[in-house]
Q: 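Take this structure, written in structure tokens, and hold onto it; I'll ask about it next.
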Amino acid sequence: MLRSPLLALALALAAAPAMAATQGDLDATSTGTAEIDLDVPEAVQITDMADITLTPAAADLTADVGDSVDVCVYSNVGEDRVYTVTASGDGTASAFTVSDGATTTIAYTVEFNDSVGGGGTALTTTVESAEFESDATAYDCGGGLNASFEVTFTPAVLQAAYAGSYNGTLTLLVSPGTP
Amino acid sequence: MALARGVVCALALAVGTIPMARAEVQILDLSDFSAGPAAGALSDVVLQDEVCVRVTGGQDSYRLRIDGQDGQGFTLTHTASGTSLPFSIVWDSLAGASRARSAPGEVGVFAVSDDSCAADAWRAVLEIRIAREAIVAGLAGDYRGGLLIEISSP
């Protein structure tokens, strides 16, 4: 709480940008000035998300099964264009799981990388990641891609599961980092 | 004949002392430009200011020059990083002429409008344009810059 209107006014004046247009004089030549102030808001965006469909053969269940998706992440925050990622699954308590629609679920892991090709930093559901960096100077990354996420099922969980079709939704929330 | 010469001479002297109205100009009603677009709707930023141009001495036109402040081009400077953001200007005389410039210098000679804003003064519009692509390519934060607007007789 501000203690007095005078203090509030003083704070407001201190926070205001020091701008002041000047008018020209009447003369043979007259010069005036105008200041320009543009405040660009923080903005982040992730695009080029794609579904992952895995159809491993029986012989594949002895190794990790997974795939990665290359995406475009734009950020204008700080000179390194930093951002964070918070992933969540649609399992119980936002767990990274796929479900057969009944009672069986299979857990998977998620990694995020600020370059293409998958791999990178392991994510914990609903936990904001450390900062990543973007090199994009356009919302569409200039038509390219600059980051990726990867999902992986281990042999142990695959071998423990019943045969069948499982599906789930992975949500990636991209937030501005700290400039 | 001598008398006639004297009359001509006297007339010439009289003409030479007729007081001439001095042509003067003045730029008025300039305002600062300020914008803070929302994150979800970054688009071209267009800012307009109605200004007032005074011309005296029977003139009906003026010459306009616009420069960036501190000798800069038409750029805004990011206060934290020092990176720059380009902009362009448009001058609309409101008398049928509108000219855009993306670099400092003379904009042109314009006729005054018929929209009076004070004695011997007429409205014109100064517009600042910042392209969406430039804003997206820039960084979040505060950008500052300025313009010097000079009016003179044509």
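A, B, ... follow the sequence lines: proteins, then strands. Residue 1 opens every chain.
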Q: Side chain, backbone, both or neither: which part of A:Asp27 has a non-hydrogen atom closer than 4.5 Å to chain B?
A: both
Q: Identify which of B:Gly145, B:Ser153, B:Gly36, B:Gly138 forms the greatest number of heavy-atom pairs closer than 4.5 Å to chain A.
A: B:Gly145
Q: Less than 3.5 Å apart, which donor and acceptor atoms pair up between the side chains of residues 166-179 of chain A and the rest of the protein, not counting sequence neighbours?
A:
from: A:Tyr166; atom 1: OH; to: A:Tyr162; atom 2: N; distance (Å): 3.4
from: A:Tyr166; atom 1: OH; to: A:Tyr162; atom 2: O; distance (Å): 2.7

Q: Could you go through the ring pair (Phe, Tyr, Trp, His ring centres under 6.0 Å) check for A:Tyr139 and A:Tyr74 one step at a time?
A: CA-CA 6 Å; A:Tyr139 281 171; A:Tyr74 168 86; 4.8 Å; yes
Q: When only pairs under 4.5 Å are counted, which of B:Glu150, B:Arg63, B:Glu24 shares the most heavy-atom pairs with chain A?
A: B:Glu24
Q: Under 4.5 Å from any heavy atom of chain A, what part of B:Phe87 do you find: side chain, backbone, both or neither?
A: side chain
Q: Nearest 0.5 Å please: distance from the OG1 atom of A:Thr29 over to the CG atom of A:Leu26.
A: 11.5 Å
Q: Counting only non-hydrogen atoms closer than 4.5 Å, does B:Ile128 touch chain A with its backbone (N, CA, C, O), its side chain (CB onward), both, or neither?
A: side chain
Q: In terms of heavy-atom pairs under 4.5 Å with chain A, which of B:Ala80, B:Ser152, B:Cys52 leads?
A: B:Ser152
Q: Are A:Tyr108 and A:Phe153 close enough that their ring centers fall under 6.0 Å?
A: yes
Q: Output yes when a side-chain donor or acceptor of A:Gln159 lies under 3.5 Å from a complementary backbone atom of A:Ala156, and no otherwise.
A: no
Q: Which atoms of B:Leu126 come close to chain A, meaning under 4.5 Å heavy atom to heavy atom: side chain ones, backbone ones, both, or neither?
A: neither
Q: What part of A:Ser75 lies closer than 4.5 angstrom to a heavy atom of chain B: side chain, backbone, both or neither?
A: neither
Q: Pick one of side chain, backbone, both or neither for B:Leu85, based on which atoms fall under 4.5 Å of a heavy atom in chain A.
A: side chain
Q: Restricting to non-hydrogen atoms, name the atom on B:Asp67 and the atom on B:Pro104 that form the minimum distance, rounded to 0.1 Å.
A: OD1-CB, 3.4 Å
Q: With a 4.0 Å cut-off on N to O distance, would you call B:Asp120 and B:Arg54 a salt bridge?
A: no
Q: Between CG of A:Leu123 and OG1 of A:Thr109, what distance do you get to the nearest 0.5 Å?
A: 9.5 Å
Q: Examine whether an atom of B:Ile149 lies under 4.5 Å from a heavy atom of chain A, and if so say whether it belongs to the side chain, the backbone or both; otherwise answer neither.
A: both
Q: Would you mind checking which part of B:Ser81 comes under 4.5 Å of any heavy atom in chain A, side chain (CB onward), backbone (N, CA, C, O), both or neither?
A: both
Q: Under a 4.0 Å N-O cut-off, is there an ion pair linking A:Arg81 with A:Glu79?
A: no
Q: Between A:Thr33, A:Thr31, A:Leu38, which shows the greatest number of heavy-atom pairs under 4.5 Å with chain B?
A: A:Leu38
Q: Using non-hydrogen atoms only, which part of B:Arg132 is less than 4.5 Å away from chain A: side chain, backbone, both, or neither?
A: side chain
Q: Test side chain to side chain donor-acceptor pair (under 3.5 Å) on B:Thr77 and B:Gln72; report intermediate values, then the result.
A: CA-CA 10 Å; B:Thr77 302; B:Gln72 294 188 95; 3.2 Å; yes
Q: What part of B:Thr83 is in contact with chain A, defined as an atom under 4.5 angstrom from a non-hydrogen atom: side chain, backbone, both or neither?
A: neither
Q: If you count heavy-atom pairs under 4.5 Å between each of B:Arg65, B:Gln69, B:Glu133, B:Gln26 and chain A, which one has the most?
A: B:Gln26
Q: Among B:Asp29, B:Val45, B:Leu47, which residue has the highest count of heavy-atom pairs closer than 4.5 Å to chain A?
A: B:Asp29
